[in-house]
Enquirer: 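Quick one: the structure is below, questions incoming.
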Amino acid sequence: MTKDKRTHYCGNLDISHNGQEVVLMGWAHRRRDHGGVIFVDLRDREGLVQVVFNPDAGENVHSEAHKIRSEYVLAVKGKVRIRPDGMNNTALKTGEIEVVVSDLEIMNESKTPPFSFDDEDISENIRLKYRYLDLRRPMIQKNLFLRSRLAAATRRYFEENGFIEVETPFLGKSTPEGARDYLVPSRIYKGMFYALPQSPQLFKQLLMVSGFDRYYQIAKCFRDEDLRADRQPEFTQIDVEMSFVTEEDIMSMMEGLLKSIFKVCLGKDLSLPLPRLTYAEAINRYGKDNPDVRFGMEIVDITPIVKNSGFKLFTEVAASGGVIKAIKAEQASALSRKDLDSLKDFVAIYGAKGLAWAKINANDWTSPIFKFFKPEEVENIGKKMNAKEGDIIFFVADTPKIVSESLGNLRLNLAKKLNMIDANMLAFTWITEFPLMEFSETEKRFVSTHHPFTSPVLKDLPLMITDPGKVRAKAYDLVLNGSEIGGGSIRIHNKDVQSQVFSALRISDEDAKLKFGFLLDALEYGAPPHGGLAFGLDRLTMIITKAESIRDVIAFPKTQKAACLMTDAPNKVSIEQLMELSLKIV
RNA sequence: GGGGUCGUAGUUAAGUUGGUUAUAACGCCGGCCUGUCACGCCGGAGGGCGUGGGUUCAAGUCCCAUCGGCCCCGCCA
């Protein structure tokens, strides 16, 4: 047995192997010991197959088989045969056959695993502590296999289209703007630090200056920010940059990539080009720049109808520059009075001070605010909302930002509650014409919406001084099912334009030179027009595998507090290590 | 930085208004069993309730603090 080589994967055997002698190696998934005959479900990465130990296989084999426990590592030699009549297991891919064992080797024993691999709801701290066992589960293995195929399809597509993969450094320079950097102390330069890249942004632009023309990389990126269900401190981007291109060129090249990926991973044919929305339109209709367009329930502005109504709260908001908007949940009788009231707490998360609702009846509303409106106002709202009996309308009155965020998120919340989302749908949307910068209340200055190297729409340049918030960017995001899966832009390749942008962002010449001097220098040596995009590989994989957490598509993820429960990273280091780096813990 | 939620045998959970030796299922261990596939039957072991304080005659049950998992807001160019 020790000299035998594996001939097949367990999960790949079928009727066509009937009569063949095979050698299998894998884990004992489950055993059913009848005293006489013993069945073991042998598992490897391809699946399960039932192996049978008959007493007449020989005394050694049979007594050895009695010792088998969960997750023992086995090598078996035996003959594939079609199962006896009526013994098929239709729940099993290999359920029509079984392997009658003639030789067995227990290659390794196993402690009893801390959890069952069949159980779906094991607490995540246990799963993450024993991640190597968690990764034995078929569900997670399936996700990682798919992730690998996605990456392979990506590389194939770019290689076929003349792109070159270039690796960029992990140890780089800390730059202002953007996310918090992960820092790495330098031993040689006391008191100085490298930063792990938030993305290879500047390097890929420099590669365009170098003349590579088409670059891609499947790159790890690091951001020291708080985590979410779809955010990890280290994540993977499909990073792309091209020279001598317009937004249209980049978007259509990327649509081609997605078409290949979805063909390879899901066997689906995307129809191109993908739909587009401008940023302004997305905010107006959906309240978010990453709208989920798998369902309707669009936001409607009713400010003009109610600004002079008898409802003081609405008129006051309108008078002070706010807006009143509404969404309509169709036939929402599933929502109880209690549900309606508790949604107030939900929109409060986004800063809304209240949430009004109205249940539409044949001739009136069931609503706490019904009494404030004249009959024609009620009618006009109903018309504007196209409301029918049984619908429920939700109103938020506040600043435009708070109204958009509250209703945008309420819309999603209601769609989930009312089961309005088709989980099998793929709804892509490009979001275009982003503002180049937005005013940051915390920093009291304009900050880049994307990054400071994004090209403005050139005809908007004069606004840079008069009204910076109105300048549009040559930037685009791609949204899939309400998740931002990628984004990019045409970059600035002209030093004067770059200076103008820096100055609008209140980054001084001196500071710019200090932080990005190398880029500014490079722009003076014949930088071609260029632009690119990056996709979040983890998020793409999440959507394709229908994973609810980014942790389910990453082999060794961190917890929400950015720790690894398996290795116990981060950890303390010795005083000697600190001294070598001239570091002191404060 | 903030809000919410959870933490009880290996695992998943139940534990009433605080009240004798803390339940169940699965798993585990032993025995029996030649066709099961969540095998079956009989028997058994296993935790003191995340941790530390406090209230009380009495604390998984109440209070405070603390640690950890998850979700969200802020943050994420």
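Chain A is the first sequence line, chain B the second, and so forth, proteins listed ahead of strands; every chain is numbered from 1.
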Enquirer: Are the ring of A:F115 and the base ring of B:U11 both nearer than 5.5 Å at their centres and tilted by less than 30°?
Expert: no
Enquirer: Please indicate whether A:N60 has more than 12 foreign heavy atoms, meaning atoms of other residues, nucleotides or ligands, lying under 6.0 Å from its CG.
Expert: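 Result for CG/A:N60: open.
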Enquirer: In whole Å, measure the gap between the P atoms of B:G19 and B:C75 for me.
Expert: 47 Å
Enquirer: Looking at A:Q560, I'd like to know whether one of its side-chain N or O atoms comes within less than 4.0 Å of OP1 or OP2 on B:C71.
Expert: yes
Enquirer: Mind checking whether A:F516 and A:F502 have ring centres under 6.0 Å apart?
Expert: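 Centroid separation for A:F516 and A:F502: below 6.0 Å.
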Enquirer: Take A:R223 and A:E548, find for each the nucleotide of RNA chain B with the closest heavy atom, and name the residue whose nucleotide sits nearer the 5' end.
Expert: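 Final value for this comparison: A:E548.
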Enquirer: Remember a base hit wins even if backbone is also touched, and classify A:I126 as base, sugar-phosphate or nothing at under 4.0 Å, heavy atoms.
Expert: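 Result for A:I126 = sugar-phosphate.
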Enquirer: What's the closest nucleotide to the side chain of A:E124 if the choices are B:C37, B:C72, B:G69?
Expert: B:G69
Enquirer: With side chain to side chain contact (heavy atoms under 4.5 Å, CB included) as the test, pick out the partner of A:Q50 among A:R32, A:R30, A:H29, A:M87.
Expert: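 Single pass found, and it is A:R32.
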Enquirer: Is the phosphate of B:U12, meaning OP1 or OP2, less than 4.0 Å from a side-chain N or O of A:S123?
Expert: yes
Enquirer: Given the structure, check if the side chain of A:R81 and the base of B:G35 hold any donor-acceptor pair shorter than 3.5 Å.
Expert: yes
Enquirer: Which whole number of Å gives the distance between the P atom of B:C62 and that of B:G18?
Expert: 8 Å
Enquirer: Applying a 4.0 Å non-hydrogen cut-off, can you work out what A:E438 is touching in the nucleic acid: base, sugar-phosphate, or nothing?
Expert: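 Result for A:E438 = nothing.
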Enquirer: Any side-chain N or O of A:R69 under 4.0 Å from OP1/OP2 of B:C29?
Expert: yes
Enquirer: At under 4.0 Å between heavy atoms, what does A:D118 touch on the DNA or RNA strands: base, sugar-phosphate, or nothing?
Expert: nothing
Enquirer: Please evaluate residues A:E109 and A:K67 with respect to the criterion salt bridge (charged side-chain N to carboxylate O under 4.0 Å, His left out), reporting the C-alpha separation (whole Å), side-chain torsions for both, the decisive distance (0.1 Å), and the verdict.
Expert: CA-CA 9 Å; A:E109 300 183 348; A:K67 297 180 190 159; over 6 Å; no
Enquirer: Any chance you could lay out the salt bridge (charged side-chain N to carboxylate O under 4.0 Å, His left out) test for A:K470 and A:D460, step after step, and finish with the verdict?
Expert: CA-CA 8 Å; A:K470 284 262 158 61; A:D460 289 354; over 6 Å; no
Enquirer: Rounding to an integer number of angstrom, what distance separates B:C39 and B:C26 when you compare their P atoms?
Expert: 11 Å
Enquirer: Mind telling me whether B:G69 is syn or anti, cutoff 90° either side of 0?
Expert: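 Base orientation: anti.
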Enquirer: Rounding to the closest angstrom, what is the interatomic distance between B:A14 and B:G50 at atom P?
Expert: 14 Å
Enquirer: For the side chain of A:A229, starting at C-beta, report the closest nucleotide among B:C71, B:C76, B:C37.
Expert: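 Of the candidates, B:C71 comes closest.
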Enquirer: What's A:Q201 touching, base or sugar-phosphate or nothing? Going by heavy atoms closer than 4.0 Å.
Expert: base
Enquirer: For B:G48 and B:U20, measure between their C1' atoms and round to the nearest Å.
Expert: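 Here B:G48 and B:U20 have their C1' atoms 15 Å from each other.
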Enquirer: Taking syn as any angle within 90 degrees of 0 and anti as the rest, which one fits B:G60?
Expert: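 Chi for B:G60 falls in the syn range.
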Enquirer: Would you tell me if any nitrogen or oxygen in the side chain of A:T559 comes within less than 4.0 Å of OP1 or OP2 on B:G69?
Expert: yes
Enquirer: Looking at B:U34, B:G74, B:G69, which one has an atom nearest to any side-chain atom of A:H34?
Expert: B:U34
Enquirer: When the C1' atoms of B:G15 and B:U8 are considered, how many whole Å apart are they?
Expert: 9 Å
Enquirer: Between A:R539 and A:Q50, which is nearer to the 5' end of RNA chain B once each is assigned its nearest nucleotide?
Expert: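 Closer to the 5' end of RNA chain B: A:Q50.
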Enquirer: Rounded to the nearest Å, what distance is computed from the CG atom of residue A:L128 to the P atom of nucleotide B:C6?
Expert: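 Taking atom P of B:C6 as the reference, CG of A:L128 is at 21 Å.
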Enquirer: So which atom in A:S483 and which in A:R539 form the shortest heavy-atom distance, rounded to 0.1 Å?
Expert: OG-CD, 3.9 Å
Enquirer: Mind checking if A:P84 touches a base, just sugar-phosphate, or nothing, with heavy atoms under 4.0 Å?
Expert: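 Answer is base: heavy atoms of A:P84 come under 4.0 Å of a base.
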Enquirer: Is the shortest heavy-atom distance from the side chain of A:F53 to the side chain of A:V40 under 4.5 Å?
Expert: yes
Enquirer: Base, sugar-phosphate, or nothing: which does A:F453 touch, judged by heavy atoms less than 4.0 Å apart?
Expert: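 No contact.
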Enquirer: Please determine, for the side chain of A:R31, which listed nucleotide (B:C75, B:C29, B:U12) has the closest atom?
Expert: B:C29
Enquirer: Of all the nucleotides listed (B:C75, B:C37, B:U34), which has the minimum atom distance to the side chain of A:R32?
Expert: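 Nearest nucleotide to the side chain: B:C37.
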Enquirer: A:P114 side chain: which of B:G10, B:C28, B:U34 is closest?
Expert: B:G10
Enquirer: Just checking A:F235 against A:F222, ring centres under 6.0 Å apart?
Expert: no
Enquirer: Please pick, from B:U34, B:C73, B:G69, the nucleotide with the shortest atom-to-atom distance to any side-chain atom of A:N54.
Expert: B:U34
Enquirer: Using the P atom as the reference point in each nucleotide, state the distance between B:U61 and B:U56 in Å, no decimals.
Expert: 16 Å
Enquirer: Across all strands shown, which nucleotide pairs with B:C62 by Watson-Crick or G-U wobble geometry, both distances under 3.5 Å?
Expert: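 WC or wobble partner is B:G54.
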Enquirer: Per the atom types in the model, does the base of B:G74 pair as donor or acceptor with the side chain of A:D226 at under 3.5 Å?
Expert: yes
Enquirer: Just call it for A:R127: base, sugar-phosphate, or nothing, with non-hydrogen atoms closer than 4.0 Å on any strand.
Expert: nothing
Enquirer: When we call it a touch if two heavy atoms are under 4.0 Å apart, what does A:D345 touch: a base, just sugar-phosphate, or nothing?
Expert: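 No contact.
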Enquirer: What's the closest nucleotide to the side chain of A:M87 if the choices are B:U36, B:G69, B:C76?
Expert: B:U36
Enquirer: Please measure how far the C1' atom in B:G2 lies from the corresponding atom in B:G60, and state the result in whole Å.
Expert: 29 Å
Enquirer: Within the structure shown, what part of the strands sits under 4.0 Å from A:R30 by heavy-atom distance: base, sugar-phosphate, or nothing?
Expert: sugar-phosphate
Enquirer: Considering Watson-Crick and G-U wobble pairs with both distances under 3.5 Å, what does B:G68 pair with?
Expert: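 B:C6 is the nucleotide pairing with B:G68.
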Enquirer: With heavy atoms under 4.0 Å as the rule, sort A:S116 into base, sugar-phosphate or nothing.
Expert: nothing
Enquirer: Side chain of A:N89 only, heavy atoms from C-beta on: which candidate in B:C37, B:C71, B:C76 is closest?
Expert: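 Comparing B:C37, B:C71, B:C76 against the side chain of A:N89, the answer is B:C37.
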Enquirer: Hey, which of A:T559, A:V553, A:I554 is the one that makes side chain to side chain contact (heavy atoms under 4.5 Å, CB included) with A:P557?
Expert: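 The passing option is A:I554.
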